[in-house]
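The structure appears right after this line, and notes come after that.
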Amino acid sequence: GMTTMVIFNMGVATNGDFTYAGTICSNGVYVGPTNWASLLNQCKAAPSSITRIEMCVGGWTDPSFGNIRSRIQANGTNAASVLYRNLQALKSALPVDAIDFDTENPYDSALDSQFGRMCVSTGFRVTLCPYTAVSYWQALKNNLGVNCDQVYLQCYDGGAGNNPATWNTYFGGLKVVAGYWDWERDITFLTKMRVGQAAGCSGGFLWPSCTGCNPPADGNEMKQ
């Protein structure tokens, strides 16, 4: 029944390269594994219910958004800039539908909105994955308008106290998707999802992050 897969996480290097276990886009050229497009297309093929694949940028301690801002300040956002060309290369090479913003370091809605507009110009939608800093995320959503079409609310770790009902009032008519991780293998996940459902959330998400758990995050856990 899951409809969306978010790949965590693509990094942006100081020179604008996109990285995922190695460099995948450099100087406007996709240089990643040649079989990735085929593998991702399999994720969308029947009997899978997945219709959308997103690439997440950012995360706790990740320097990507700082590097993005530096590149925008140095090179701008036009079609000749390295970020723009790498976004084009990524879009051409892989069946990725959206770029997910997981900003967790110093927030700059003006520069990050410029990057969001670059994503939109190269064919991506933009989604947000907040846990705090409400005004930043509101500004980002307002600046991107309908091109920002999902908000994945972290209800774990630093966002453990987040109330989906409160966050559902922040983005106009767009309701958040309540999310939880898998570090607690108990009724907590179901409880969190029911809270989101009662708050009118548009869906829920699971971050299967705990590869060190017993059992580790795997397909069987996702079925649970």
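We use all heavy atoms of the structure for the numbers below, so side chains are in, but hydrogens, waters and symmetry mates are not.
- When all heavy atoms are compared, the tightest approach of V126 to C119 is CG2-CB, 3.9 Å.
- Among residues two or more places apart in sequence or in another chain, the salt bridge (Lys or Arg N to Asp or Glu O under 4.0 Å) test is passed with E104 by none.
- Looking at heavy atoms from C-beta onward, Q154 lies out of side-chain contact with T132 at the 4.5 angstrom threshold.
- F8 meets the ring pair (Phe, Tyr, Trp, His ring centres under 6.0 Å) test with W207; sequence neighbours excluded.
- In this structure N41 satisfies the side chain to side chain donor-acceptor pair (under 3.5 Å) test with no other residue, sequence neighbours excluded.
- Separation of atoms CG (L174) and SG (C148) is listed at 6.5 Å; rounding is to 0.5 Å.
- Scored by the salt bridge (Lys or Arg N to Asp or Glu O under 4.0 Å) test, R69 finds D112 as partners (sequence neighbours excluded).
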Using residues 93-100 as the side-chain source, report each donor-acceptor pair under 3.5 Å to any protein atom, sequence neighbours left out, with the distance given to one decimal.
from: D97; atom 1: OD1; to: K44; atom 2: NZ; distance (Å): 3.4
from: D97; atom 1: OD2; to: K44; atom 2: NZ; distance (Å): 2.8
from: D97; atom 1: OD2; to: I53; atom 2: N; distance (Å): 2.9
from: D100; atom 1: OD1; to: T127; atom 2: OG1; distance (Å): 2.8

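- Between the side chains of S113 and N143, at least one donor-acceptor pair of N or O atoms lies under 3.5 Å.
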Open item on the list: I'd like to know whether R117 forms a side-chain contact (heavy atoms from CB on, under 4.5 Å) with V120, so could you lay out the CA-CA distance, the side-chain angles of the two residues, the decisive distance to 0.1 Å, and finally the verdict.
Closed with: CA-CA 5 Å; R117 293 187 186 102; V120 171; 5.5 Å; no
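- Under the rule for a disulfide bond (SG atoms under 2.5 Å apart), the partners of C213 that lie at least two apart in sequence or sit in another chain are C210.
- Between Y152 and E54, the side chains place a donor N or O and an acceptor N or O closer than 3.5 Å (distance only, hydrogens not considered).
- The CZ atom of R52 sits 12.5 Å away from atom CE of M5, with the distance rounded to the nearest 0.5 Å.
- Counting heavy atoms from C-beta on, the side chains of D62 and D102 never come closer than 4.5 Å.
- At least one side-chain heavy atom of V177 sits under 4.5 Å from a side-chain heavy atom of Q150.
- Among residues two or more places apart in sequence or in another chain, the ring pair (Phe, Tyr, Trp, His ring centres under 6.0 Å) test is passed with F65 by F101.
- Under the rule for a side chain to side chain contact (heavy atoms under 4.5 Å, CB included), the partners of V29 that lie at least two apart in sequence or sit in another chain are V31.
- A donor-acceptor contact closer than 3.5 angstrom is absent between the side chains of R125 and N147.
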Open item on the list: Working note: Y136 + T103, criterion side chain to side chain donor-acceptor pair (under 3.5 Å); need CA distance, chi angles, decisive distance, verdict.
Closed with: CA-CA 10 Å; Y136 164 83; T103 319; 2.9 Å; yes
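- Scanning both residues, V82 and G16, for their nearest heavy atoms gives CG1-CA, 4.2 Å.
- S26 pairs by the side chain to side chain donor-acceptor pair (under 3.5 Å) definition with D17, not counting sequence neighbours.
- The two residues N9 and Y20 come nearest to each other via the heavy atoms O-CD1, 3.4 Å.
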Compile the donor-acceptor pairs under 3.5 Å between side chains in residues 189-203 and protein atoms, sequence neighbours left out, one pair per line.
from: T191; atom 1: OG1; to: I187; atom 2: O; distance (Å): 3.1
from: K192; atom 1: NZ; to: C155; atom 2: O; distance (Å): 3.1
from: K192; atom 1: NZ; to: A160; atom 2: O; distance (Å): 3.2
from: S202; atom 1: OG; to: K175; atom 2: O; distance (Å): 3.4

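- With sequence neighbours excluded, the residues that form a side chain to side chain donor-acceptor pair (under 3.5 Å) with D182 are R185, S209.
- With sequence neighbours left out, the side chain to side chain donor-acceptor pair (under 3.5 Å) criterion links D157 to no other residue.
- W137 and V146 fall into different hydrophobic clusters, where Ile, Leu, Val, Met, Phe, Trp and Tyr side chains are chained together by heavy-atom contacts under 4.5 Å.
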